Protein chains: 2
Amino acid sequence: MTNTTLKLLAQQLQLSISTVSRALKDHPDIAASTKAKVHALAQSMDYEPNAYAIQLRTQNSRILGVIVPAISNLFYDSFISAVEEESRKHDYALMIMQSSNQAENELNNLKIFRQNRVSGVFACLSSHPENLEVYHKMNEREIPVVFFDIVPKDNRFTKVRMADERCAIIAAEKVIQRNGKKVLALFGDPGLSISQKRKNAFQNFMETYAPKMHVTYLNASSSKEAEDLIQKQYSKTQKFDTVFCMTDEILIGVMKAVQALQIKVPSELGIITISNGFIPNLYHPKISYVETSGFELGKLAFVQMMANIKGGKTQTELTVDAKYIEGGSL
Amino acid sequence: MTNTTLKLLAQQLQLSISTVSRALKDHPDIAASTKAKVHALAQSMDYEPNAYAIQLRTQNSRILGVIVPAISNLFYDSFISAVEEESRKHDYALMIMQSSNQAENELNNLKIFRQNRVSGVFACLSSHPENLEVYHKMNEREIPVVFFDIVPKDNRFTKVRMADERCAIIAAEKVIQRNGKKVLALFGDPGLSISQKRKNAFQNFMETYAPKMHVTYLNASSSKEAEDLIQKQYSKTQKFDTVFCMTDEILIGVMKAVQALQIKVPSELGIITISNGFIPNLYHPKISYVETSGFELGKLAFVQMMANIKGGKTQTELTVDAKYIEGGSL
DNA sequence: GTATCAATATCAAACGTTTGCGAAATTTTT
DNA sequence: AAAAATTTCGCAAACGTTTGATATTGATAC
């Protein structure tokens with residue numbers, strides 16, 4: 001069974017296609033009686049406008065592309081939710097693609113976006129990006145790009161991101177408040193810029209505001225590494241009493257070791273992490289964390305996108321602040 | 001800057017549009033030398049075919065719609081991964097929508113699918129579906145629908161799902177092997193058909209193969225409920241020594257209580273769950289689980305979809321079997 | 001009775017592709 | 001050297017919609 005089209009409706013009603021088209025969109029030129037008839041028939045014939053024809057004609061896809069490393073990541077998931085919510089309000093649809101952190105996929109996805117003439121794209125760079133060139137080309141074609149979370153240094157781009165330094169600083173404050181004797185601070189893959197940023201901010205803050213506190217800085221690029229690290233470190237004579245985890249991944253490893261060694265939290269060991277909140281709430285007591293909300297980031301990104309679409313160029317870097325969520329682990 | 005089109009290329013090269021079109025798709029009618037020229041110019045002008053024009057002309061969107069309750073759910077995430085992988089191979093793109101388990105969203109998403117003339121849709125019913133009517137209409141329009149995971153009873157539809165009963169039975173086997181004195185079996189929202197299925201299968205199996213084992217059956221429709229349940233039940237005189245969780249959600253609650261009460265796993269309490277594997281691996285020891293792989297389900301669903309697209313009607317219900325993954329919790 | 005105006009509906013072009021068919025141009029066959 | 005076959009390309013229609021321009025009414029004004 002073939003799809004209902006304007007032509008079909010027009011034939012049935014002995015009207016022209018344009019009249020039917022205008023009737024359906026409530027154009028003032030059309031008599032109320034005609035509109036009624038058209039609407040009735042359209043309803044009964046299950047008319048659904050052909051999105052492709054519309055987009056071809058109007059040259060406006062009203063589709064926004066989103067590239068995330070992985071949709072299963074809760075941070076990106078909440079980012080998408082926010083963008084989706086706003087998009088719905090503004091009558092845009094979303095095309096969501098995963099890069100799996102691989103530059104190749106990223107390029108492929110961008111290609112699909114271009115072929116679908118998206119009205120704009122939200123992009124989170126894969127961890128080892130190469131071709132910013134392609135993004136410049138997007139801008140030349142007047143396809144606005146809003147980078148989020150993992151953003152390029154080049155300041156000709158529009159970017160929104162979490163205040164990574166602030167997150168680390170807030171956590172450092174809390175660590176100082178606990179006033180432990182020995183602190184362990186765990187960061188992710190040292191090659192990632194986010195690890196460096198957070199580490200620098202954390203370390204700076206600690207050294208200026210608690211210079212005498214004993215802090216060990218270590219890196220772990222996987223949960224397993226973090227787990228092993230704790231297992232080894234914790235057997236030493238002077239056990240650490242506070243641990244800071246840069247990310248959920250680190251936290252997961254730490255918590256496995258904590259369970260294995262049956263360490264009491266928070267009495268023997270205080271734990272604090274940076275997270276969106278899902279993982280910390282899996283444990284008892286709940287882990288205290290500095291919240292990085294993908295949701296708010298999404299809202300902000302959307303505002304920037306609209307500004308870009310309407311007002312032309314706006315190169316700015318905006319950040320979303322973080323807040324501390326009290327669990328029972330510190 | 002406007003987009004490059006076939007017309008533009010044709011003008012530049014003093015060729016006709018059709019020649020350019022054919023050259024780009026390696027049509028045998030076109031001379032090799034012309035092809036070379038066309039390709040070169042297309043390359044340098046960053047030609048990207050307009051997906052809308054193509055789809056309008058060919059009446060084939062090569063887009064498949066997917067409706068899941070939530071993309072952040074790891075089960076559905078792996079389902080999507082599988083479908084995505086296969087789609088890529090077969091040159092289909094995906095349009096992914098969330099229903100958030102609400103019938104209204106489900107209908108809206110289907111509308112968008114229809115307007116985008118998707119070639120087929122994978123649908124996971126929202127937990128309290130109403131209108132199967134709309135799916136029948138899709139089929140009338142020759143848009144194949146493959147239901148997955150949560151499927152309708154109506155057997156005019158194509159469906160794939162996990163072997164829910166088998167999962168529960170495998171878990172029951174393991175529970176019997178542990179040979180505990182007192183077993184607690186926790187199931188989800190009693191209103192959901194999946195809860196009923198798993199419970200019936202589990203209970204049947206227990207009653208036939210270990211009729212003398214003491215089993216308590218309870219329902220919890222959230223993590224919190226499960227946690228409270230354990231807290232209350234565990235204080236009783238004869239503590240249970242084995243617990244079966246129907247789902248990750250239940251497991252999370254159980255594990256919080258386990259941590260709070262400092263119960264030793266598996267010595268004091270054996271734990272087994274049904275899961276895709278992420279959550280069980282967050283703990284130490286790792287929780288043993290019966291794996292329900294969204295990935296395999298996705299592969300199967302895709303095969304069914306292709307069969308539907310090519311071969312017309314195929315009403316069947318296929319299931320993916322489950323397997324037991326040994327952790328250290330039982 | 002002619003000019004003006006408003007209301008209503010139609011015409012026709014355009015968006016960028018694909019593709020059946022036919023037309024040159026070139027080569028091969030006889 | 002003419003006929004036939006082959007290679008290479010262009011014409012034009014179609015997909016379903018939107019929209020500026022235009023046509024057809026009938027009513028109102030002078």
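Naming: A, B, ... by sequence-line order, numbering from 1 per chain. Predicted model only: the values in this text are computed from it and were never measured.
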Under the side-chain hydrogen bond (donor to acceptor under 3.5 Å, both in side chains) definition, can you give me all pairs with a residue in residues 7-17 of chain A, not counting sequence neighbours?
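As it turns out, the side-chain hydrogen bond (donor to acceptor under 3.5 Å, both in side chains) pairs with a partner in residues 7-17 of chain A, which skip direct neighbours, are A:S16-A:S18, A:S16-A:T19.
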Heavy-atom nearest nucleotide on DNA chain D for A:Y52 versus B:V20: which residue maps closer to 5'?
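This one resolves to B:V20.
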Residue pairs involving residues 57-80 of chain A (criterion salt bridge (charged side-chain N to carboxylate O under 4.0 Å, His left out); sequence neighbours excluded)
none
Among pairs that include at least one residue of residues 28-54 of chain B, which meet salt bridge (charged side-chain N to carboxylate O under 4.0 Å, His left out), considering only residues two or more places apart or in two chains?
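Qualifying pairs: A:R114-B:E48, A:K137-B:D46, B:D26-B:K35.
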Can you name the residues that form a ring-ring contact (aromatic ring centres under 6.0 Å, His included) with A:H136, not counting sequence neighbours?
A:F157
List in chain and number order the residues that pass ring-ring contact (aromatic ring centres under 6.0 Å, His included) with B:H90, two or more places apart in sequence or in another chain; answer none if no residue qualifies.
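Checked B:H90 against ring-ring contact (aromatic ring centres under 6.0 Å, His included); matches are B:F302.
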Between [N] ([atom2]) and [X] ([atom1]): distance, integer Å:
X      : N      : atom1 : atom2 : answer
B:R114 : D:dG16 : CZ    : C1'   : 18 Å
A:L13  : C:dT8  : CG    : C1'   : 16 Å
A:Q115 : C:dG16 : CD    : P     : 15 Å
A:L15  : D:dT24 : CG    : P     : 17 Å
A:N3   : D:dA14 : CG    : P     : 19 Å

Contacts of [X] that satisfy salt bridge (Lys or Arg N to Asp or Glu O under 4.0 Å) - sequence neighbours left out:
X      : result
A:K89  : A:E86
A:R156 : A:D154
A:E317 : A:K159, A:R161

Hey, does the side chain of A:Q55 come within less than 4.0 Å of C:dG16's phosphate (OP1/OP2), counting only N and O?
no
Bend angle of the helix from C:dG1-D:dC30 to C:dT30-D:dA1, from helix axes over five pairs at each end, nearest 10°
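Both end axes considered, the difference amounts to 60°.
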For nucleotides 17-19 of chain C, tabulate all protein N/O to nucleotide N/O atom pairs closer than 3.5 Å, reporting atom names and distance.
residue	atom	partner	partner atom	Å
C:dT17	OP1	B:Y47	OH	2.8
C:dT17	OP1	B:N50	N	3.4
C:dT17	OP2	B:L6	N	2.8
C:dT17	O5'	B:Y47	OH	3.2
C:dT18	OP1	B:K25	NZ	2.8
C:dT18	OP2	B:S21	OG	2.9
C:dT18	O2	B:R57	NE	3.3
C:dT18	O2	B:R57	NH1	2.1
C:dT18	O2	B:R57	NH2	3.4
C:dT19	O4'	B:R57	NH2	3.2

Counting the benzene-type ring for Trp, do B:F147 and B:Y135 have ring centres under 6.0 Å apart?
yes
Strand-adjacent residues in residues 27-36 of chain B, judged by heavy atoms under 4.0 Å from DNA chain D
B:D29, B:I30, B:A31, B:T34
Using the test side chain to side chain donor-acceptor pair (under 3.5 Å), find all partners of A:T292 that sit at least two apart in sequence or belong to another chain.
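Checked A:T292 against side chain to side chain donor-acceptor pair (under 3.5 Å); zero matches.
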List the steps and the verdict of side chain to side chain donor-acceptor pair (under 3.5 Å) for A:N276 and A:S293.
CA-CA 6 Å; A:N276 64 79; A:S293 160; over 6 Å; no
